[in-house]
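One structure is given below, encoded as structure tokens.
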Amino acid sequence: MLNEEQRKVVYANERFLFLLAGAGSGKTRVIIERISYLINREVDGSKILAITFTRKAAEEMRVRLKNNEVNIYTFHQLCYENIKKHNPKEPVIIEDEKIPFTKEEKLNFSLYKNGEKRLRKPKKYNEYQAFLSKNNAYDFDDLLLQFYELLSKKTMVNYDYIFIDEFQDTNILQYKILKKMILSNTAVFAVGDPDQSIYAFRGASEKVILQYINDYNASIYKLSLNYRSNASIIFHANQLIKNNDREFKKQLIANNKKTSNVEHLLFKNEDEEAIYIIDWLRTLKTKKTETAILFRYHERSYTLKYYLQVNAIPYQDQDQLDLQFGINLLTMHQAKGLEFDNVLILGAEKHENRENMIKTDEEERRLMFVAMTRARMTLMFTSVLLDEQKGRLKQSKFIEESQVKTKIIKHFNGII
């Protein structure tokens, strides 16, 4: 059954809608139910477009909707399919790992293209384009640019209804593509949560939400009832995110009223931290639960991975996720859209180079919020006092903001 908030938006009559959907609030179900409602009212499924953020989300939507007529794509899939229709030569997308440029260089090239080449041209950009040309290949940003150019010349798509999920993770170019697809007969249903906007480094902007609302005088609906996490987890997540300067303020409400002990455990060093985590994981072994250990940077997980391997404890790492019962190690960004029974946030230390600016501060806080709201039953933080060079570290201020209590593990010989 739909709750009252969900029911209101599923059966809403406005042409332009924005759904402010909190973490774990059933937004995918609402999208499915609204599409089904339209089809039951004899809307042609082929005239409905749903844009999702990942291939996995698109596939999940197809399975749940059980209607092959509805067009469900990621933004890049949508561009690819339409370019292919209007180009006798099928576009070849080059795999990221085969591109001989650094991660930072590729990110700069992407930002330049998504800014429609109006920013200063990055170093090595000409070399990069020559590499693509030599291989007769596009990158994903080329798909967006070419599709936008084609849309600017002629009407290539004609949908009566457009649904767009994870709207807070779209960039300005993607929003301009959406605007080109909105014709006189098109209704739009945008779904997003500015509190979960974590891709600013790739050009995404939660400001797109406000722009859409203003451009189309969109009606705003809200989903605040969280069906994923227990009441304790939701309490601490709310305490954290309210520290951001938010255009759209909301408070999650836990449907699950059970409570749990959310703690921050402080260790002397990464070795002591890893030994404790190994013991903790062994206590979970017989419970058949999904457990995730999340971290901000890959490097922070190296010591733990070593101890897992030495102790012959199997784990699934990054892209090998199949979300069966077991231990999953992944970055906070990779955890977006996933959920687990138990979540341990590893390495909750302060990073001077990342928390010294307001813009970065708010982005990092949103990322921590996303990490916390992946947990269903158990949430725990860990950090260490000393780095590998025995330099003193401070805990992240997000621990205090979340009102999570710190528990010191073992005696540190008077160094605290």
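Please read these numbers as outputs of a predicted model, since none were measured by experiment.
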Can you confirm whether the side chains of T382 and E273 place a donor and an acceptor under 3.5 Å from each other?
yes

Compute whether any side-chain donor of one residue and acceptor of the other, for D139 and Y128, lie under 3.5 angstrom apart.
yes

We want to know whether S224 and E5 form a side-chain donor-acceptor pair, criterion being a heavy-atom distance below 3.5 angstrom.
yes

Could you label the plane-to-plane angle of the F163 and F189 rings as parallel, tilted or perpendicular, counting under 30° as parallel and over 60° as perpendicular?
tilted

Does either side chain, that of N311 or that of R282, offer a donor lying less than 3.5 Å from an acceptor on the other one?
yes

Hits for ring-ring contact (aromatic ring centres under 6.0 Å, His included) against F235, two or more places apart or cross-chain, chain-then-number order -> none

Between the side chain of N244 and the main-chain N/O of E362, is any donor-acceptor distance below 3.5 Å?
yes

Give a yes-or-no answer on whether the side chains of Q146 and Y138 include a donor-acceptor pair shorter than 3.5 Å.
yes

For N217, look at atom CG and say whether over 12 heavy atoms of other residues, nucleotides or ligands are found less than 6.0 Å away.
no

Is it true that K124 and E127 have a side-chain N and a carboxylate O under 4.0 angstrom from each other?
no

Answer with yes or no whether the side chains of E105 and Y125 bring together a donor and an acceptor at under 3.5 Å.
no

Ion pair E60/R64, N-O distance below 4.0 Å:
yes

Please tell me whether Q168 and E166 have a donor and an acceptor in their side chains that are separated by less than 3.5 angstrom.
yes

Please name the pair of heavy atoms, one in V191 and one in F18, separated by the smallest distance, quoted to 0.1 Å.
C-CE1, 4.1 Å

Residue pairs, two or more places apart or on separate chains, that pass ring pair (Phe, Tyr, Trp, His ring centres under 6.0 Å) and touch residues 63-97
H76-F140

Polar side chain donor-acceptor pair, D215 to Y175, under 3.5 angstrom
yes

Side-chain donor or acceptor of T52 paired with backbone N/O of T54 under 3.5 Å
yes

Partners passing side chain to side chain contact (heavy atoms under 4.5 Å, CB included) against K249 (at least two apart in sequence or in another chain):
R246

Does CZ belonging to R7 count more than 12 external heavy atoms closer than 6.0 Å?
yes

For Y37, what residues pass the ring-ring contact (aromatic ring centres under 6.0 Å, His included) criterion, not counting sequence neighbours?
Y11

Side chains of N3 and Y227: is there a donor and an acceptor less than 3.5 Å apart?
yes

Please list, chain by chain and in numerical order, all residues satisfying ring-ring contact (aromatic ring centres under 6.0 Å, His included) with Y216, sequence neighbours excluded.
F16, Y212

Does a side-chain N-to-carboxylate-O contact under 4.0 Å join R376 and E290?
yes

Spell out, as yes or no, whether a donor-acceptor pair under 3.5 Å connects the side chain of N71 to the backbone of I48.
yes

By side chain to side chain contact (heavy atoms under 4.5 Å, CB included) - contacts of E59 (at least two apart):
R62, V63

State, without any angle test, whether N230 and N256 hold a side-chain donor-acceptor pair at a distance under 3.5 Å.
no

For the pair E400 (side chain) and K397 (backbone), establish whether a donor and an acceptor sit closer than 3.5 Å, ignoring hydrogens and angles.
no

Mind running side-chain hydrogen bond (donor to acceptor under 3.5 Å, both in side chains) on Q309 and Y315 for me, showing each step along the way?
CA-CA 9 Å; Q309 290 161 8; Y315 62 90; 2.9 Å; yes

Between S110 and D141, is there a side-chain donor-acceptor contact under 3.5 Å, judged purely by atom types and distance?
yes

May I ask you to check whether Y302 and E388 show a side-chain donor-acceptor distance below 3.5 Å?
no

D193 and its salt bridge (charged side-chain N to carboxylate O under 4.0 Å, His left out) partner, picked from K250, K336, K222
K250

Quick one, P314 and I327 - any side-chain contact, counting heavy atoms below 4.5 Å?
no

With no hydrogens and no angle check, do the side chains of T291 and N342 hold a donor and an acceptor under 3.5 Å apart?
yes

For the residue pair N135 / K98, report whether a side-chain donor-acceptor contact shorter than 3.5 Å exists.
no

Under a 3.5 Å distance rule, please check whether R29 uses its side chain to pair with a backbone N or O of Q6 as donor and acceptor.
no

Is the closest side-chain donor-acceptor distance between K113 and Q129 under 3.5 Å?
yes

Any idea which heavy atoms bring I234 and S229 closest together, and the distance?
CD1-CB, 3.8 Å

Under 3.5 Å side-chain donor-acceptor pair for N261 and E263:
yes

